[in-house]
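To start, the structure under review is shown below, and the notes come after it.
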Amino acid sequence: MASPVLVLEGLRASDKGKLRYDGDWYEEGRIHEVVEECTSPPSFPAHICRVNISLSASEHSDYGSPIISSPNSSKASIERGTLHQQTQSQFSDIIESTEEKDEDAETQALYHRTGEVEVSIKQCEKEWVDMAKERVKQRQKDYDSHSKMLTEQAIQNTNLLTQQHELKNQVMMQKIREVQQESDQTRQRRLRNQQERQRLHVKRMDAKLRAAQQQKEKAEEAERLRRAAEMEAYLNAMMNVKQQIDEVAKRIVGMLDGCRHKKHLPQIAEDIRKKVNALCGQAERYVQNARQQGASMQLVDGLKIMIDHMMQCQELAKKTVAEADRLGQEEAVKKAKEEEAKQKAAQTAVTAAATAAASSTAAAAAATAGAPRISQGGASLNKFVNEDALKEYETVQQKLEETVQAYQNLKSSTDAQVKKFRNDIMKAVNTPINAISVQSGRQLLDQLRRLSKLLAGERVEISGGRQVSIAALPSGKAYCQETLARKLVAQCDKQISSNHETAFPFAAITVALWKDYPDVKQLMLAHFYKGCPFLLPYYIPKQEKQSTEDYYKALGYVYDADGQVEAQDKYLKRLSGFMRLYAAIIATKPLQGGNQVHPFGACEGWTWLSRVMNLEPQPDVTATMLHDFLEVCGHTLANTYGRQFFKLLQTLCKQYFPKIEAVTPKGAASGGPVLRLKSFLETCIKTQKFPPPKGLLTDEFWRS
């Protein structure tokens with residue numbers, strides 16, 4: 001524990017202990033002085049305030065400004081040091097001069113104005129000023145030495161940086177010289193390489209130029225040969241068309257010359273004869289020009305247009321001859337009535353004999369065709385079938401009967417070898433027909449080659465590694481042709497009626513076979529007309545004493561095992577299959593190579609459409625046939641006949657379609673075949689275009 005004496009001495013030495021206490025100021029009457037001394041603030045000389053302010057500013061400048069010793073700021077530091085030295089020197093001079101002048105005057109004045117406290121304060125302030133001066137001088141000295149050191153360091157750094165920069169520039173220049181040298185070497189090597197490549201390129205281009213020249217010469221030679229072959233093909237096509245024109249002209253002239261009532265022929269018959277002769281002469285000139293100047297597709301098209309005109313002349317000649325026959329018959333009837341009064345008995349006998357002959361002729365025709373017919377001499381013939389169509393019908397049906405009769409012994413034979421041969425032929429026909437599809441053009445051509453080899457009498461491989469040829473038996477050819485025709489037509493009901501697009505691969509096979517084997521064409525047409533007589537068209541009328549079942553079968557209806565006739569929609573669906581294949585044959589182009597004349601082309605389609613419009617329509621059937629026909633081969637007829645075809649359609653819409661609506665039962669015209677036909681016709685006439693049928697085989701297909 002500290003001693004009390006030490007404590008008292010410490011208290012006396014403290015600031016509070018040094019204070020002077022005056023306890024008698026009140027009794028002595030010094031109240032006014034004490035109050036004035038306590039309340040008046042201490043006064044300081046003006047120069048002391050300036051010194052303090054300057055010292056504060058100097059200390060702030062010395063200690064507040066950071067010293068930057070980086071090489072980049074050495075020059076700025078030297079400048080600031082010099083400026084500060086000048087400022088400090090001026091500041092010190094000002095303080096000393098001020099103090100020397102005012103010191104004595106201030107001291108003496110203080111003694112007179114202030115008391116003892118102020119004098120003490122003044123002395124303390126003086127001591128602090130002296131101490132500040134010493135510190136300033138010391139700081140000035142330290143600052144000068146530090147500034148000198150910084151200046152030297154800055155100079156050293158500057159020299160070092162200059163050396164480094166020069167060294168760096170030397171290294172960079174060396175690198176630049178090396179890069180430039182390497183670049184020059186690379187450029188020289190590249191130039192040599194380019195020169196070498198240029199030399200090789202020139203050499204290759206010379207070789208290519210020579211090869212191109214040789215190829216061009218070969219291409220020109222091939223083009224010359226192709227053009228020659230093309231012109232030869234065009235010339236052959238023109239000769240074929242010219243032959244058809246001559247045949248039609250002969251038929252027209254024969255029709256006019258063979259008219260039994262020539263005196264009733266109008267003046268138009270002579271005009272037809274002149275037009276036919278003019279067309280024949282024009283066709284002959286076309287052929288002569290083709291032989292002299294070269295055939296072209298334009299000449300072929302011109303001949304096709306001529307044959308179309310010739311077909312129109314043929315139709316007009318048929319109508320003219322039919323009208324002359326009608327007038328002749330009316331005249332004969334009139335003469336017969338005049339003679340009836342004079343020779344009643346003789347006329348009755350002649351009439352009875354003629355009636356018996358006509359009945360026997362009709363019965364024989366019905367037995368031959370297997371379907372009811374009307375007599376050609378009947379007055380109502382034109383209501384059901386065109387005369388030429390009926391002749392065509394009888395011709396193909398007779399061909400079918402002759403073919404069937406030719407292989408009857410093969411069909412009825414019980415010999416084992418004959419049965420085996422018959423079965424092999426059946427397999428050889430069925431296998432490629434069942435494989436016909438739109439899988440690829442190569443696959444379809446393969447089936448065509450197999451059928452062509454079979455019909456040509458070559459040996460064809462069948463299942464089991466065996467081979468068969470139709471030349472093995474005399475009746476093998478007839479049996480093979482009839483079987484093939486029947487199987488192809490049977491696809492109308494089996495496939496095409498359900499999938500319309502499958503008609504075109506079968507049509508392609510059919511067109512190719514018809515070109516080389518006309519007998520197959522006749523047999524297929526016979527089966528076509530037998531299964532669907534509307535393809536002629538032939539609206540078979542019901543004969544007297546003919547049962548309903550026989551009449552329906554003649555129209556193409558099918559009866560089941562229970563004797564029930566098929567429904568109308570199923571019947572129309574099967575007829576649609578027949579018409580789809582028939583029209584697809586017309587629309588399908590012949591395969592490239594060989595004879596390019598179509599065996600059943602657009603003229604047959606024009607003929608069928610004209611025949612239909614010359615007959616009275618049948619309910620449902622006519623609308624169905626027209627819609628399917630136009631949808632499949634309308635595109636072909638439009639491309640072939642152009643404006644003439646659309647004129648024919650205008651006639652169909654304005655004059656013939658109202659007849660179709662008239663025979664359609666009430667309530668059925670709002671849908672079904674009639675509505676489909678109406679919508680299709682309106683669209684095609686409005687756009688003046690016929691869209692290609694779905695499934696039509698293109699050139700890309702045959703290359704697949």
Side-chain angles (χ1 to χ4, degrees), residues 243-244 246-255 258-259 307 310-311 314-315 317-318 321-322 325 358 360-378 381-382 384-408 455 477-479 481-486 488-489 510-511 513-541 554-556 578-579 581-582 585-586 597-601 603-612 614-615:
Q243 184 179 358
Q244 295 178 13
D246 293 340
E247 292 176 357
V248 175
K250 289 180 181 178
R251 287 200 297 269
I252 294 174
V253 173
M255 192 184 306
C259 181
I307 197 172
M310 194 72 75
M311 296 298 296
Q314 183 179 355
E315 292 295 330
K318 290 178 183 178
V321 171
D325 290 341
S360 62
T361 302
T368 302
R373 296 204 195 123
I374 57 176
S375 174
Q376 294 186 21
L381 175 65
N382 292 334
F384 305 105
V385 63
N386 180 274
E387 182 178 356
D388 291 334
L390 185 59
K391 291 180 180 179
E392 180 183 353
Y393 180 82
E394 293 175 347
T395 300
V396 296
Q397 294 299 332
Q398 184 178 1
K399 175 65 176 179
L400 176 60
E401 289 185 0
E402 292 175 354
T403 304
V404 172
Q405 189 65 32
Y407 71 82
Q408 193 63 35
L455 293 174
K477 180 178 180 181
Y479 177 72
Q481 290 178 345
E482 195 278 331
T483 302
L484 175 61
R486 177 162 38 86
L488 286 174
V489 174
T510 301
V511 171
L513 294 178
W514 283 11
K515 285 170 54 181
D516 299 329
Y517 305 99
D519 291 341
V520 177
K521 173 184 176 181
Q522 296 294 319
L523 295 174
M524 281 193 68
L525 289 175
H527 283 290
F528 266 133
Y529 299 152
K530 194 172 183 179
C532 180
F534 304 105
L535 298 180
L536 274 166
Y538 184 12
Y539 301 149
I540 300 177
L555 293 177
F578 277 93
M579 175 52 78
L581 180 56
Y582 183 85
I585 294 173
I586 297 174
V597 178
H598 201 298
F600 205 74
C603 60
E604 298 293 338
W606 183 280
T607 301
W608 183 87
L609 192 58
S610 302
R611 289 174 178 176
V612 170
N614 287 328
L615 298 177

To the nearest 0.5 Å, tell me how far [X] [atom1] sits from [Y] [atom2].
X      : Y      : atom1 : atom2 : result
Gln481 : Leu523 : CD    : CG    : 6.5 Å
Thr403 : Gln398 : OG1   : CD    : 10.5 Å
Lys391 : Glu387 : NZ    : CD    : 4.5 Å
Leu488 : Thr510 : CG    : OG1   : 5.0 Å

Are any of the side-chain heavy atoms of [X] and [Y] separated by less than 4.5 Å?
X      : Y      : answer
Tyr407 : Val404 : yes
Leu615 : Phe384 : no
Tyr529 : Tyr538 : no
Leu525 : Tyr393 : no
Phe528 : Leu536 : no
Trp514 : Ile585 : yes
Leu484 : Met524 : no

Tell me if a side-chain donor or acceptor on Gln522 pairs with a main-chain N or O of Val396 at a distance below 3.5 Å.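 Absent.
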
